[in-house]
Amino acid sequence: MAAPRVFIVRHGETEWSLNGRHTGRTDIPLTANGQKRVIATGRALVGDDRLIVPRQLSHIYVSPRKRAQRTFELLNLGLSDPLPWQPHGGSTGGGLECSAKVEVTEDIREWDYGDYEGITSPEIRRMRAEQGIEGSWDIWRDGCPGGESPQDVTDRLDRLIADIRQKYHKPVLNPPEGQQTHKTSGDILIVAHGHILRAFAMRWSGKTLQDGPAFLLEAGGVGTLSYEHHSIDEPAILLGGAFVVDIAEKGIQP
């Protein structure tokens, strides 16, 4: 069995993501184009013979913001239980069966930009210059006044990562002595935001936010995290790989 994976999905396009405005607490909807792209992503990447196999998901974490929740609604998933929020629109329908529980958690909400909410990076640098703050602004180093520091973000992400590894990945990678390897894959899906998911990937791989590297994740983008050598002590970024398909079960022919 392949090592457990964490699929990180950034919400689809919004008006503010289009013009580069920092969107943390502000709860704005996806654009029509953003919704269309998420639907296309779900059809392309979610399925029994795709990257994200619904029946193999063990748990799903979603941000409290409706732009992330709407993104999740538009992916190709058919849930056994009702959503833990009032739906923000109709689903695409026909989603593939998924029994994983959906959990809304503040630990994966977007970085709190504080005084920088709703403004662009050039505007932030201009503001800081007018305030007499020397040097260029780097969120990974400086954080946001009135909002979160890199340490604040690190603390909540480390808490979430520990939760994932202890509850879902350790039983697969290090089953108790005398027991067979855990039957579930341990795959996790996270739907959230650009800065927080980039920070999540850095902390997953043991990097400080200050050290980087500065990963990129476009609106509606999907990333994959896993482990090297099937070891929980060797977290890794999965740059690419074949989609693992049960050929015998599906009867797929070349």
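Of all heavy-atom pairs spanning I60 and C98, the tightest one is CD1-SG, 4.1 Å. A pairwise comparison of heavy atoms in L209 and W140 identifies O-CB, 3.1 Å as the closest pair. The two residues G143 and W111 come nearest to each other via the heavy atoms CA-CZ2, 4.1 Å. Shown here for D155 and Q151, the closest heavy-atom pair between the two residues is OD1-NE2, 2.7 Å. When all heavy atoms are compared, the tightest approach of G12 to V38 is CA-CG2, 3.8 Å. In plain terms, the two heavy atoms of R55 and D48 that are nearest each other are NE-OD1, 3.4 Å.
Crowding of R165 atom CZ: a count of heavy atoms from other residues, nucleotides or ligands under 6.0 Å exceeding 12. No more than 12 heavy atoms of other residues, nucleotides or ligands lie within 6.0 Å of CD in E97, so this atom counts as exposed by the packing criterion.
Within the 3.5 Å criterion, the main-chain N or O of K66 finds a donor-acceptor partner in the side chain of D27. Checking side-chain atoms of S17 against main-chain N and O of T14 turns up a donor-acceptor pair under 3.5 Å. Side-chain atoms of D187 come within 3.5 Å of backbone atoms of R5 as a donor-acceptor pair (strictly under, hydrogens ignored). Side chain of R203 to backbone of K207: a donor-acceptor contact under 3.5 angstrom is found. Judged purely by atom type and a 3.5 angstrom limit, S226 uses its side chain to pair as donor or acceptor with the backbone of P4. T224 places no side-chain N or O within donor-acceptor distance of the main-chain N or O of V222, the cut-off being under 3.5 Å.
A donor and an acceptor atom, one from each side chain of E15 and N19, are nowhere located under 3.5 Å apart. Checked by atom type, the side-chain pair S63/E110 shows no donor-acceptor distance below 3.5 Å.
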> Can F72 and L79 be said to form a side-chain contact (heavy atoms from CB on, under 4.5 Å), step by step?
Replying inline: CA-CA 11 Å; F72 176 76; L79 298 174; 3.7 Å; yes
>> What verdict does the side-chain contact (heavy atoms from CB on, under 4.5 Å) test give for I108 and V62, after you've listed the backbone C-alpha separation in whole Å, the side-chain angles of each residue and the deciding distance to 0.1 Å?
In response: CA-CA 7 Å; I108 203 61; V62 182; over 6 Å; no
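We find the CD1-CD distance between I139 and Q210 to be 11.5 Å, quoted to the nearest 0.5 Å. Note that CD1 of I190 is 7.0 Å distant from CG of L197, once rounded to the nearest 0.5 Å. In this structure, L45 CG and R50 CZ are separated by 8.5 Å, a value rounded to the nearest 0.5 Å.
Legend: residues meeting salt bridge (charged side-chain N to carboxylate O under 4.0 Å, His left out) with R25, ordered by chain and number and at least two apart, are D112. Residues satisfying the salt bridge (charged side-chain N to carboxylate O under 4.0 Å, His left out) criterion with E13, sequence neighbours excluded, are absent altogether.
Under the 4.0 Å criterion applied to side-chain N and carboxylate O atoms, D163 and K167 are assigned as salt-bridge partners. Taking a cutoff of 4.0 Å between a charged side-chain nitrogen and a carboxylate oxygen, R37 and E218 do not qualify as a salt bridge. Salt bridge annotation for R156-D107: absent, with no cationic side-chain nitrogen under 4.0 angstrom from a carboxylate oxygen.
Side-chain contact check for E123 versus M127: every heavy-atom pair is 4.5 Å or farther apart.
When R67, E73, Q69 are each tested for a side chain to side chain donor-acceptor pair (under 3.5 Å) with H88, only one passes: Q69.
Ring to ring, Y116 and H22 are not that close: their centroids are 6.0 angstrom or more apart.
Relative orientation of the H169 and W204 rings is perpendicular, given thresholds of 30° and 60° on the angle between their planes.
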